[in-house]
Amino acid sequence: MTFDAARAIFADELDATRSAGTYKRERVLDSAQGTTVTVGDRSLLNFCSNNYLGLSNHPAMIEAAKSALDERGYGLSSVRFICGTQDIHRELEGAIAAFLGADDAILFGSCFDANGGIFEAILSESDAILTDELNHASIIDGVRLTKARRLRYRHGDLDSLAGTLSDSRDARIKLIVTDGVFSMDGDYAPLEGICALAKLHGALVMVDDSHASGFVGPTGRGTPERSRVPGEVDIVSSTFGKALGGASGGFVAAHQEIVDLLRQRARPYLFSNSVPPPVVAASLKAIELVSESTELRDRLMTNAERFRGAMSLAGFTIAAGDHPIVPIMLGDAALAARFADLLLDEGVYVMGFSYPVVPKGAARIRVQLSSGHTPAEIDQAVTAFETVARKLRVL
Ligand SMILES: *Cc1c(COP(=O)(O)O)cnc(C)c1O
């Protein structure tokens, strides 16, 4: 088939996306990432980035990246095992391992790559993966690449997990895998229960802490720290693309043998380029910043509490919790889209989410707080929500 013939097929698919209302349009920023951003000629209060700790445009991060650019260059033009490993790559892997209390860590180009590579590298057809039904797309894809048996358990449901553990009792290795925080609701995996079941059934536990590393838990070490099970989680995967700088890069922190095996076998590690020096150096700075003080994560949590409290008081329905992801439940998909549009008119940039990203009838606006938001900016956002709610007769 020529492209002219294929064109109609692609165009139909695009039309179908448009009529389903799921066609994604990208807003173009003319500024750096921050609590205020410029879109066209407008300045907007930004409440939809993963810039939880304000590190995406932090002076110390930029300085670290600039020095590395001068001292270690722009890129490595190599994968790690040929000539793409610098001192700072190993330094960063050591810093991650020390921060999380793991034997060692291994860098990937992204957390998507980390999750894409890990399962195939360590598991085979005699093994079983027990996976939360709402796990991130990168886990779903990574699991697809293995010959291991896949058993999905109901979201956050320990009884359902126990059932799948019984169903896989003849498997050699059983690996339970879960997001630490689920990004649509800001809810936490029940890690204490998961680790208890893992112990009971002789299973390993892997947590993807992308929406937690650097700020969840009393010292920002993530959901295992928050659930007081840091020594019981065997594998942590996470990203430098969210709280820890927001540029790119992912990692796996785990027992030595697992990290060693990934270095030998993980395909996105072996066959994709080394993380660039400026990103590595700034990531090291991010780990240093969150290691030496809890100030940023404390401010973030205070901000989340302030916003959650004010929105509840105003009468909005928000899922209970304490995570800086705050879903404002509206139910109807068209209403959520309209609400987000009108908020933009009020100078507040947020995202509406509806089916199929969230269940039917559970459309919402997802707000994400940053440590960089001032109390006045948070109050301004709440006022904007109230103004739009009155216009749309929601409250
Ligand atoms: C964002 C995210 C990823 C992907 O991280 P990248 O480094 O951007 O590829 C993976 N898992 C979870 C749970 C995420 O939220």
Side-chain angles (χ1 to χ4, degrees), residues 24 26 33 48-53 55-56 61 92-93 96 100 105-119 129 131-145 152 155-156 175-191 194 205-217 220 222-224 226-227 233 235-254 262 266-269 272-276 278-280 282-283 286-287 321 323-327 351 353 357-358 366-370:
K24 292 179 258 320
E26 299 175 359
Q33 187 60 274
C48 57
S49 84
N50 300 313
N51 185 17
Y52 294 112
L53 299 176
L55 297 185
S56 308
M61 298 286 286
L92 177 55
E93 287 166 341
I96 295 164
L100 295 180
I106 173 171
L107 286 173
F108 285 83
S110 66
C111 186
F112 206 107
D113 277 353
N115 291 337
I118 185 166
F119 304 106
I129 302 171
T131 174
D132 187 295
E133 64 181 347
L134 293 190
N135 276 344
H136 190 261
S138 54
I139 295 176
I140 294 170
D141 285 9
V143 169
R144 272 191 196 140
L145 295 172
R152 287 201 310 173
H155 174 54
L175 175 63
I176 304 169
V177 54
T178 181
D179 285 14
V181 174
F182 294 83
S183 67
M184 284 301 134
D185 286 298
D187 59 321
Y188 298 93
L191 282 190
I194 288 175
V205 178
M206 167 172 162
V207 175
D208 175 345
D209 243 355
S210 290
H211 281 285
S213 295
F215 60 97
V216 164
T223 57
R226 180 179 184 276
S227 293
V233 171
I235 303 168
V236 173
S237 68
S238 192
T239 183
F240 284 104
K242 292 190 169 103
L244 298 172
S248 70
F251 62 83
V252 169
L262 291 178
R267 292 165 70 83
Y269 182 82
S272 187
N273 204 34
S274 183
V275 179
V279 174
V280 173
S283 300
I287 298 284
H323 196 274
I325 291 173
V326 188
M351 280 296 274
F353 288 97
V357 180
V358 295
R366 183 178 72 175
V367 172
Q368 290 174 279
L369 281 299
S370 168

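Each ligand, and each atom within it, is numbered from 1 in the order the structure gives. Reckoned from all heavy atoms, side chains included, excluding hydrogens, waters and symmetry mates.
- Every atom of ligand 1 is numbered from 1 in the order shown, and the set under 4.0 Å from a heavy atom of Thr239 is 5 (O), 6 (P), 7 (O).
- In terms of the ring pair (Phe, Tyr, Trp, His ring centres under 6.0 Å) criterion, residue partners of Phe182 (sequence neighbours excluded) are, by chain and number, His155.
- Side-chain contact annotation: Ser238 with Asp209, donor-acceptor N/O pair under 3.5 Å absent.
- Ligand 1 has an N or O atom lying under 3.5 Å from an N or O atom of Cys111, backbone or side chain.
- Shortest contact from atom 9 (O) of ligand 1 to any protein heavy atom: Phe112 N, 3.0 Å.
- Here Ser110 has heavy atoms under 4.0 Å from ligand 1 in both its backbone and its side chain.
- Any N or O atom pair closer than 3.5 Å counts here, and His211 shares at least one such pair with ligand 1.
- Residue-ligand proximity: Gly241 is placed with every non-hydrogen atom at 4.0 Å or more from ligand 1.
- A donor-acceptor pair shorter than 3.5 Å can be found between the side chains of Asn115 and Ser237.
- Less than 4.0 angstrom separates some heavy atom of Ser138 from each of these atoms of ligand 1: 10 (C), 11 (N).
- By the 30° and 60° cut-offs, the orientation of the rings of His211 relative to Tyr52 is perpendicular.
- The neighbour count for Met184 CE, taken as heavy atoms of other residues, nucleotides or ligands under 6.0 Å away, is above 12.
- Residue, atom and distance of the protein heavy atom nearest to atom 3 (C) of ligand 1 are His136 CE1, 3.5 Å.
- Under the rule for a ring pair (Phe, Tyr, Trp, His ring centres under 6.0 Å), the partners of Tyr269 that lie at least two apart in sequence or sit in another chain are Phe108.
- Residues Leu92 and Phe251 have side chains not in contact (no heavy-atom distance under 4.5 Å, counting atoms from C-beta outward).
- Atoms of ligand 1 found under 4.0 Å from any heavy atom of Lys242 (numbered from 1 in listed order, with element): 1 (C), 2 (C), 3 (C), 14 (C), 15 (O).
- Taking a cut-off of under 4.0 Å to the non-hydrogen atoms of Asp208, the atoms of ligand 1 that pass are 10 (C), 11 (N), 12 (C), 13 (C).
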